[in-house]
Asks: 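The structure that follows is given in the form of structure tokens.
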Amino acid sequence: QVPLVESGGGLVQPGGSLRLSCVASGRTSSSYTMGWFRQAPGKEREFVAAIAQNGGRVYYADSVKGRFTISRDNAKNTVDLQMSSLKPEDTAVYYCARWRRGSYYTPSGYDYWGQGTQVTVSS
């Protein structure tokens, strides 16, 4: 197991910002592309963003492009997701995950997952 622990979720008003953080134990996360997914009640888990192991390439879902920014600090084994201009439809449990093989955009490409952190966007 590669424990991944997310933090930073909470309740925010529409238009507000939140910063999620994912900490990985050990040093394994720095060798892998890492991703963020989210899952709203009654919906499938969906891709949000991913970042290559050296941070040189990033990938975003169209729904968050221009509003969310993924970053990483390999020295600290962290992967962050800065979320701005939040909308009610961004409400979901957000998960950090380690990519293993295949597509960056589907959950099946990831082998280790955190427990998730709840983000609620509501006035």
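Just so it is clear, the values below take in all heavy atoms, side chains as well, and ignore hydrogens, waters and symmetry mates.
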Asks: Taking the side chain as everything from C-beta on, heavy atoms only, tell me whether M34 gets closer than 4.5 Å to C96.
Replies: yes
Asks: Ignoring hydrogens, what is the shortest heavy-atom contact between S123 and P14? Give both atom names and the distance.
Replies: N-CD, 3.7 Å
Asks: On a heavy-atom basis, which atom in T91 and which in Q118 lie closest, and how many Å separate them?
Replies: CG2-NE2, 4.0 Å
Asks: Is T69 close to Y60 at the side-chain level, that is, under 4.5 Å between some pair of heavy atoms?
Replies: yes
Asks: Looking at side-chain heavy atoms only, is the closest gap between V119 and L20 below 4.5 Å?
Replies: yes
Asks: Strictly below 4.0 Å, N to O, side chains only: are R72 and D80 in salt-bridge contact?
Replies: no
Asks: So, taking the atom named CZ in F37 and the one named CD in E46, what distance separates them when rounded to the nearest 0.5 Å?
Replies: 9.5 Å
Asks: Over 60° means perpendicular and under 30° means parallel, so classify the ring planes of Y105 and F47, tilted if in between.
Replies: perpendicular
Asks: What is the ring orientation for Y94 with F68, classed by angle as parallel under 30°, tilted 30 to 60°, or perpendicular over 60°?
Replies: tilted
Asks: Do you know the tightest heavy-atom contact between A50 and T33?
Replies: CB-CG2, 4.3 Å
Asks: Nearest 0.5 Å, what's the CE-CG distance between M83 and D90?
Replies: 7.5 Å
Asks: Mind checking whether W113 and L4 have side chains closer than 4.5 Å, heavy atoms only?
Replies: no
Asks: To check you understand the geometry: which heavy-atom pair defines the closest contact between R38 and S63, and what is its length?
Replies: NH2-OG, 3.5 Å
Asks: Apply side-chain contact (heavy atoms from CB on, under 4.5 Å) to S71 and R19, showing your working.
Replies: CA-CA 11 Å; S71 61; R19 188 178 184 88; 3.6 Å; yes
Asks: Under the side-chain contact (heavy atoms from CB on, under 4.5 Å) criterion, do Q13 and S122 qualify, and how do the steps go?
Replies: CA-CA 5 Å; Q13 292 187 344; S122 174; over 6 Å; no
Asks: What I want to check is whether the side chains of D73 and T78 have a donor and an acceptor closer together than 3.5 Å.
Replies: no
Asks: List the atom of L86, the atom of L18, and the distance in Å for their closest heavy-atom pair.
Replies: CD1-N, 3.9 Å
Asks: Check salt bridge (Lys or Arg N to Asp or Glu O under 4.0 Å) between K43 and all other residues, then give those that pass, not counting sequence neighbours.
Replies: none
Asks: Residues two or more places apart in sequence or in another chain: which of them pass side chain to side chain donor-acceptor pair (under 3.5 Å) with Y110?
Replies: none
Asks: Looking at CD of Q39 and CD of E44, how far apart are the two atoms once the value is rounded to the nearest 0.5 Å?
Replies: 8.5 Å
Asks: Do S108 and T106 meet the criterion of a side-chain donor-acceptor pair at a distance under 3.5 Å?
Replies: yes
Asks: For P3 and S25, work out which heavy atoms get closest and say how close.
Replies: CD-OG, 3.0 Å
Asks: Using the rule that Ile, Leu, Val, Met, Phe, Trp and Tyr join whenever any side-chain heavy atoms are under 4.5 Å apart, tell me whether V23 and W36 fall into a single cluster.
Replies: no
Asks: Could you state the interatomic distance from OH (Y95) to SG (C22), rounded to the nearest 0.5 Å?
Replies: 13.0 Å
Asks: Inspect the contact between K65 and D62 and indicate whether a charged nitrogen and a carboxylate oxygen are less than 4.0 angstrom apart.
Replies: yes
Asks: Find the distance between CG (N74) and CD (Q53) and round it off to the nearest 0.5 Å.
Replies: 8.5 Å
Asks: Could you state the interatomic distance from CZ (R67) to OG (S84), rounded to the nearest 0.5 Å?
Replies: 9.0 Å
